[in-house]
Student: 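Okay, handing you the structure first.
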Amino acid sequence: MTNERLQRLLLFIAAIGLIPIALGYGFLPEKTLTPIYGFDVDNVNLKHIMRAVMGLYIGHVIIWFLGIYNPKFRRPAMYCLVVFMFGLAGGRILSLIVDGISHWLLLVYLLLELSIGLLGLKLIMNEKK
């Protein structure tokens, strides 16, 4: 499989995977976050923050889809993917150090973010050769 196809596939997997997470965080956070993570989302400010996070995630998904379907956006989409994934992973690692072990699903997210970030970085580096 070519580097270009691998980049498109990685962008697609990341985009499709992030959509339900984004909607879970922001569409009806009190219906999704409370049962999964066990904390109440009954504060207007917290709902606002979670919906802003949803918007941020959806914005990244849009950039990634642009990179899938338009070659001139592919490299920026890949850089965006790598920065996004490593940014999330870095925050989660900091939280593990400062706060301790979190919900198992968040640890799965950490592994996925590190894996996707590393693979994205490798594909970017392969393109430059």
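What you are looking at is a predicted structure, and each value in this text was computed from that prediction instead of being measured. No hydrogens, no waters, no symmetry mates; every other heavy atom, side chains included, goes into these values.
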Student: Taking only residues at least two apart or on different chains, which pairs with a member in residues 2-27 satisfy ring pair (Phe, Tyr, Trp, His ring centres under 6.0 Å)?
Tutor: Tyr25-Tyr57

Student: How long is the gap from CG on Leu111 to CZ on Arg92, to the nearest 0.5 Å?
Tutor: 10.5 Å

Student: Check whether any side-chain N or O of Asp40 sits under 3.5 Å from a backbone N or O of Asp42 as a donor-acceptor pair, and report yes or no.
Tutor: no

Student: Ignoring hydrogens, what is the shortest heavy-atom contact between His60 and Cys80? Give both atom names and the distance.
Tutor: CD2-SG, 3.1 Å

Student: Can you tell me how far the CD1 atom of Ile93 sits from the CG atom of Leu88, to the nearest 0.5 Å?
Tutor: 11.0 Å

Student: Linking I/L/V/M/F/W/Y whenever their side-chain heavy atoms sit closer than 4.5 Å, directly or via other members, would Val53 and Val44 fall into one cluster?
Tutor: no

Student: What pair of heavy atoms forms the shortest contact from Met85 to Ile116, and how long is it?
Tutor: CG-CG2, 3.7 Å

Student: Calculate, to the nearest 0.5 Å, the distance between atoms OG1 and CZ belonging to Thr34 and Phe39 respectively.
Tutor: 7.0 Å

Student: Identify whether Val83 and Leu110 are in the same connected component of the hydrophobic contact network (ILVMFWY, side-chain heavy atoms under 4.5 Å).
Tutor: no

Student: Taking atom CG of Leu18 and atom OH of Tyr109, what is their separation to the nearest 0.5 Å?
Tutor: 9.0 Å

Student: Would you sort out whether Glu30 and Leu28 count as a side-chain contact (heavy atoms from CB on, under 4.5 Å), showing the intermediate values?
Tutor: CA-CA 6 Å; Glu30 65 278 2; Leu28 292 171; 3.9 Å; yes

Student: Answer yes if Val108 and Leu94 sit in the same cluster of Ile, Leu, Val, Met, Phe, Trp and Tyr residues linked by side chain heavy atoms under 4.5 Å apart, and no otherwise.
Tutor: no

Student: Could you go step by step and tell me if Leu118 and Val82 meet the side-chain contact (heavy atoms from CB on, under 4.5 Å) rule?
Tutor: CA-CA 7 Å; Leu118 288 169; Val82 169; over 6 Å; no

Student: According to a 4.5 Å side-chain heavy-atom criterion applied to Ile, Leu, Val, Met, Phe, Trp and Tyr, with indirect links allowed, do Leu106 and Val98 form part of one hydrophobic cluster?
Tutor: no

Student: To check you understand the geometry: which heavy-atom pair defines the closest contact between Leu81 and Ala14, and what is its length?
Tutor: CD1-CB, 3.4 Å

Student: With a 4.5 Å cut-off on side-chain heavy atoms, are Glu127 and Gln7 touching?
Tutor: yes

Student: What closest approach, in Å, do Leu114 and Ala89 show between heavy atoms, and which atom pair accounts for it?
Tutor: CD2-CB, 3.7 Å

Student: Between His103 and Tyr37, how do the two ring planes meet: parallel, tilted or perpendicular, split at 30° and 60°?
Tutor: perpendicular

Student: Taking Asn3 for its side chain and Asn126 for its backbone only, find out whether a donor-acceptor pair lies under 3.5 Å.
Tutor: no

Student: Looking only at heavy atoms, which two atoms of Arg51 and Pro29 are closest? And how far apart?
Tutor: NH2-CD, 3.5 Å

Student: Could you work out, with side-chain contact (heavy atoms from CB on, under 4.5 Å) as the rule, every residue matching Glu4, not counting sequence neighbours?
Tutor: Thr2, Arg8, Arg74

Student: Atom CG in Leu119, atom CG in Leu10: separation rounded to 0.5 Å?
Tutor: 5.0 Å

Student: Rounded at 0.5 Å granularity, tell me how far CG in Leu11 sits from CD1 in Ile16.
Tutor: 11.5 Å

Student: Which pair of non-hydrogen atoms, one from Ser102 and one from Leu107, has the smallest distance, and what is that distance?
Tutor: OG-CD2, 3.9 Å

